Each structure stands twice: as structure tokens, then as C-alpha cells.
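Here the structure is laid out as C-alpha cells; the discussion comes afterwards.
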Amino acid sequence: MESQHFKKSFFISLIYVSIGTIAVLSMYPGSFLSGDWMVFVLLATLPVNFISVGVMYADSTAVGTVLIIQIAFFFLCWFIINYILKIREEKSNNQIPPPSS
């Protein structure tokens, strides 16, 4: 059961951080992915993008720095989601079933 939490949390954090990274890298109008969708995605993924948005706002050519920051946030997000999934599983397993009549 441990590997299931590990895999599930990996894919959740990978998708969440990747979508946010694409939005950060397409922040400037010169990007081919730039559009109205970006504002909503940046707001939805702000917890993992707040530093990267600041870096891209300060220097639009700092792609390498943004990728390093996002990799660090990926591992942090992965750890947090894995921990939350473990706690939820433990709580659901420790519930006392109702007595049978």
C-alpha cells in the first residue's frame, strides 16, 4: 500500500507543478503559449509558483532559474501530498466499525 501513496502523490504533484511551470514560462506576451488561460492557471497554482512568478517578472530570460525553483517545489509538493495521503489512509483504517446486531 505504501507504493500506491508514493506513485499517486508523484503523479498528482508532477501534473500540478508542470502545469504551473508551463504557465510561468509562458507569462510574457512574446511566448507562443501566452493567452488568457494563463492568469487562471497561475492563480490556481500560486502556492508552487509564487517565487517563480517573481523571478520571471524581474528577468524574463531566467528560464534555468525558474526550472530549478520548480524542481525544488515539485519535491516539496510531492512530500506534502504523500504525507496527506498517508494520514488520510491511516484515519480511514483506524475508524471503529459499527457493532453488528
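All of these numbers come straight from a predicted model, not from anything done at the bench.
If you chain together hydrophobic residues whose side chains sit under 4.5 Å apart, F50 and L42 fall into the same group.
Atom CE in M38 sits 10.5 Å away from atom CG in L43 (nearest 0.5 Å).
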Listed pairs under 3.5 Å, donor-acceptor, residues 65-72 side chains, sequence neighbours left out:
from: Q70; atom 1: OE1; to: S52; atom 2: OG; distance (Å): 2.7
from: Q70; atom 1: NE2; to: T21; atom 2: OG1; distance (Å): 3.0
from: Q70; atom 1: NE2; to: N49; atom 2: OD1; distance (Å): 2.8

Considering only distance and modelled atom types, tabulate donor-acceptor pairs under 3.5 Å from the side chains of residues 73-80, sequence neighbours left out.
from: W78; atom 1: NE1; to: F6; atom 2: O; distance (Å): 3.3
from: W78; atom 1: NE1; to: S9; atom 2: OG; distance (Å): 3.1

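Not counting sequence neighbours, the partners of I19 by the side-chain contact (heavy atoms from CB on, under 4.5 Å) test are I15, V41. Among residues two or more places apart in sequence or in another chain, the side-chain contact (heavy atoms from CB on, under 4.5 Å) test is passed with I87 by Y83, E90, K91.
By the 4.5 Å side-chain criterion applied to Ile, Leu, Val, Met, Phe, Trp and Tyr, I12 is assigned to a cluster that also includes I81, L85.
When all heavy atoms are compared, the tightest approach of P47 to Y16 is CD-OH, 3.6 Å. Smallest separation of non-hydrogen atoms from G20 and T45: CA-OG1, 3.5 Å.
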